[in-house]
Amino acid sequence: MPGSAARTPTADTDVVCLGESMVTFLPSRPGRLADVPAFTRGIGGAESNVACALAAAGHRVKWVSRVGSDGFGDHLLDAVAAYGVDTTDVRRDPVRPTGIYFRTATDRATDVHEVAYYRAGSAASAMSPRTVPPDGLPGCRILHLSGITAALSDDCLDLLRALTAPRAGRPLVSFDVNHRPGLWRGRPGGPEVLLELARRCDLVFVGEDEAAEAWDVHGADAVRAALPGPPVLVVKQGADGATVYARGEDGTADTVTTVPGLAVDVVAPVGAGDAFAAGFLSATLRGLPVRERARHGHLMAAAVLTVPGDLTAPPGRAHADRLAALDDTAWGTLRLGPGWTAAAGANEEVRVT
């Protein structure tokens, strides 16, 4: 099965997630950053979000990164480890600080969303093939990366190129494009770099909207034409769902599977992309069919969308499996609200209408 993650069955670790995590300051109320009076401390980072969600779902996960030898670095290590993630391969930098950022409560896709990053020169931006040698990474079934790391520095880009290069014993490489134009300011060619890296990977996640913005390609089929190489390509289509292109093991033509999204009573529209990737990867590790992989992605995204922060405990495996196994009609009428992940079955927060 494409993307089965069965290449290194003796690996002690299911997934290694490599990338920067930062301390994030979440607003106490909606509004412009200039008007928000107070913030609550949390953690944020695409790869560490995926790591935490996968560990909470019962997988063996390591997070690889660099943080400062400062209090924020202490907090990150403690917070990520609390989800069950192995942080022993995170290095402390005695000179460079841990990155931090502030954001508004609005959806990242809207014009009023604001993010103020304080990550230039951070400890994670010093990751390179020298500080994180690819042949020194822990053995794993899946290595998960994102385009955010490539945007941090030339050294980080060199590392991503080394990790995505063909080599003997390479695990399945998962890559979330995560196009963030603001991170590429002053470093031209970001979209081309992301396309280059994505083409070298085995499993790629990309939003239909970000593909249009980065590469001027429109529609899921056009995205596949731009990314013909990865055996599995997941084109995320927002609330409409996701389309998965999966090539046969013998290199035959794609099987194309479109899985509608879920109706969700959204509390905070952040973190869904990372959660979707975690759900899809979790189901990939379990060898589930493509439709179920995408449905588990939607379910894990719904868990995050119905809480205020970027992270939350996922639904129990048996509960998620029951929902993922619904017929198309029941899946299409499912509605998820706050508290649904704790439900043992259908109730007022998990409704089939």
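- When the shell of 6.0 Å around CZ of Arg317 is examined, it contains more than 12 heavy atoms from other residues, nucleotides or ligands.
- Aromatic rings from Phe280 and Phe205 are positioned such that their centres are separated by under 6.0 Å.
- Residues Ser122 and Arg96 form no side-chain contact, since every pair of their non-hydrogen atoms from C-beta on lies 4.5 Å or further apart.
- At least one side-chain heavy atom of Leu233 sits less than 4.5 Å from a side-chain heavy atom of Val206.
- The backbone N or O of Ala253 sits nowhere less than 3.5 Å from a side-chain atom of Arg247 that would complete a donor-acceptor pair.
- Side-chain N/O atoms of Ser21 and Ser48 include a donor and acceptor closer than 3.5 Å.
- Taking both residues in full, the closest heavy atoms of Gly337 and Thr306 are given as C-CG2, 3.8 Å, listed atom of the first, atom of the second, then distance.
- Contact between Leu281 and Ser174 at its shortest, heavy atoms only, is CD2-OG, 3.8 Å.
- Atom-to-atom distance recorded for Asn178:CG and Asp274:CG is 6.0 Å, nearest 0.5 angstrom.
- Considering only heavy atoms from C-beta on, Leu18 stays 4.5 Å or farther from Glu47 through its side chain.
- Residues Thr243 and Val256 meet the side-chain proximity criterion, which asks for heavy atoms closer than 4.5 Å.
- The existence of a salt bridge linking Asp328 and Arg295 is confirmed by a sub-4.0 Å separation between a basic side-chain nitrogen and an acidic carboxylate oxygen.
- Comment: Arg103 engages Asp310 in a salt bridge, judged by a side-chain N to carboxylate O separation of less than 4.0 angstrom.
- Formation of a donor-acceptor pair under 3.5 Å by the Trp63 side chain with backbone atoms of Gly19 is found in this model.
- A donor-acceptor distance shorter than 3.5 angstrom exists from the side chain of Glu208 to the backbone of Ala220, with no hydrogens or angles considered.
- Going from atom OG of Ser69 over to atom CZ of Arg91 covers 12.0 Å, rounded to the nearest 0.5 Å.
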Could you walk me through whether Asp154 and Arg187 pass the salt bridge (charged side-chain N to carboxylate O under 4.0 Å, His left out) check?
-> CA-CA 9 Å; Asp154 289 341; Arg187 300 181 67 232; 2.8 Å; yes
How far apart are the C-alpha atoms of Val232 and Val204, what are their side-chain angles, what is the distance that settles it, and do they pass the side-chain contact (heavy atoms from CB on, under 4.5 Å) test?
-> CA-CA 7 Å; Val232 179; Val204 174; over 6 Å; no
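- Taking every heavy atom of both residues into account, Cys201 and Leu197 meet most closely at SG-O, 3.2 Å.
- Using a cut-off of 4.0 Å between Lys/Arg side-chain N and Asp/Glu carboxylate O, Asp155 and Arg130 are scored as salt-bridged.
- Cluster annotation: Leu311 and Val267 are assigned to distinct hydrophobic clusters (Ile/Leu/Val/Met/Phe/Trp/Tyr, side-chain heavy-atom contacts under 4.5 Å, transitive).
- For Gly42 against His75, the heavy-atom pair with the smallest separation is O-NE2, 4.2 Å.
- Contact annotation: the side chain of Thr255 never approaches that of Val290 to less than 4.5 Å [non-hydrogen atoms, C-beta and beyond].
- Looking only at atom types and distance, the side chain of Asp176 has no donor-acceptor partner in the side chain of His144 under 3.5 Å away.
- Residues Leu157 and Val173 fall within the same hydrophobic cluster, defined by Ile, Leu, Val, Met, Phe, Trp and Tyr side chains chained together at heavy-atom separations under 4.5 Å.
- Judged purely by atom type and a 3.5 angstrom limit, Arg170 uses its side chain to pair as donor or acceptor with the backbone of Thr164.
- Between the CG atom of Asp89 and the CG atom of Leu137 there is a distance of 7.5 Å, given to the nearest 0.5 Å.
- Side chains of Trp215 and Leu227 form a contact here, defined as non-hydrogen atoms less than 4.5 Å apart.
- Nearest heavy atom pair, residue Val270 against residue Leu305, reads N-CD2, 4.3 Å.
- A donor-acceptor pair shorter than 3.5 Å cannot be found between the side chains of Asp158 and Ser128.
- A donor-acceptor contact shorter than 3.5 Å is absent between the side chain of Arg60 and the backbone of Ala55.
- Hydrophobic cluster membership differs between Val304 and Leu334, with clusters built from Ile, Leu, Val, Met, Phe, Trp and Tyr side chains linked at under 4.5 angstrom.
- Hydrophobic clustering places Val23 together with Val90 (ILVMFWY residues linked when any side-chain heavy atoms are closer than 4.5 Å, directly or through intermediates).
- Salt bridge absent: Arg167 and Asp135 never bring a charged side-chain N and a carboxylate O closer than 4.0 Å.
- Residues Glu114 and Thr104 have side chains that never bring a donor and an acceptor to within less than 3.5 angstrom of each other.
- Val15 and Phe276 fall within a single hydrophobic cluster, where Ile, Leu, Val, Met, Phe, Trp and Tyr are joined by side-chain heavy atoms under 4.5 Å apart, directly or via other members.
- Salt-bridge annotation for Lys62 and Asp12: absent, with no side-chain N of the basic residue lying under 4.0 Å from a carboxylate O of the acidic one.
- The side-chain heavy atoms of Leu299 and Leu323, taken from C-beta on, include a pair separated by under 4.5 Å.
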Check against side-chain contact (heavy atoms from CB on, under 4.5 Å), Glu20 and Arg119 | CA-CA 10 Å; Glu20 180 172 35; Arg119 73 196 306 178; 2.8 Å; yes
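- Nearest heavy-atom pair, Leu285 versus His59, reported as atom, atom and distance to 0.1 Å: CD1-ND1, 3.6 Å.
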Quick one: do Arg161 and Val193 satisfy side-chain contact (heavy atoms from CB on, under 4.5 Å)? Show the steps, please.
-> CA-CA 10 Å; Arg161 283 178 167 145; Val193 166; 4.2 Å; yes
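- Remark: Arg224 does not engage Asp221 in a salt bridge, criterion side-chain N to carboxylate O under 4.0 Å.
- Between Arg286 and Glu292 there is no salt bridge, since no side-chain nitrogen of the basic residue lies less than 4.0 Å from a carboxylate oxygen of the acidic one.
- Note: Phe72 CZ to Ile100 CD1 = 5.0 Å, rounded to the nearest 0.5 Å.
- You'll find the ring centres of Phe102 and Phe39 inside the 6.0 Å limit.
- Counting heavy atoms from C-beta on, the side chains of Trp340 and Val264 never come closer than 4.5 Å.
- With hydrogens and angles disregarded, a donor-acceptor distance shorter than 3.5 Å links the side chain of Thr98 to the backbone of Gly73.
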Kindly indicate, with the supporting measurements, whether the criterion side-chain contact (heavy atoms from CB on, under 4.5 Å) is fulfilled by Arg92 and Val67.
-> CA-CA 5 Å; Arg92 308 300 296 264; Val67 300; 3.4 Å; yes
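- Under the side chain to side chain contact (heavy atoms under 4.5 Å, CB included) rule, Arg293 has a single partner from Leu203, Thr284, Thr257, which is Thr284.
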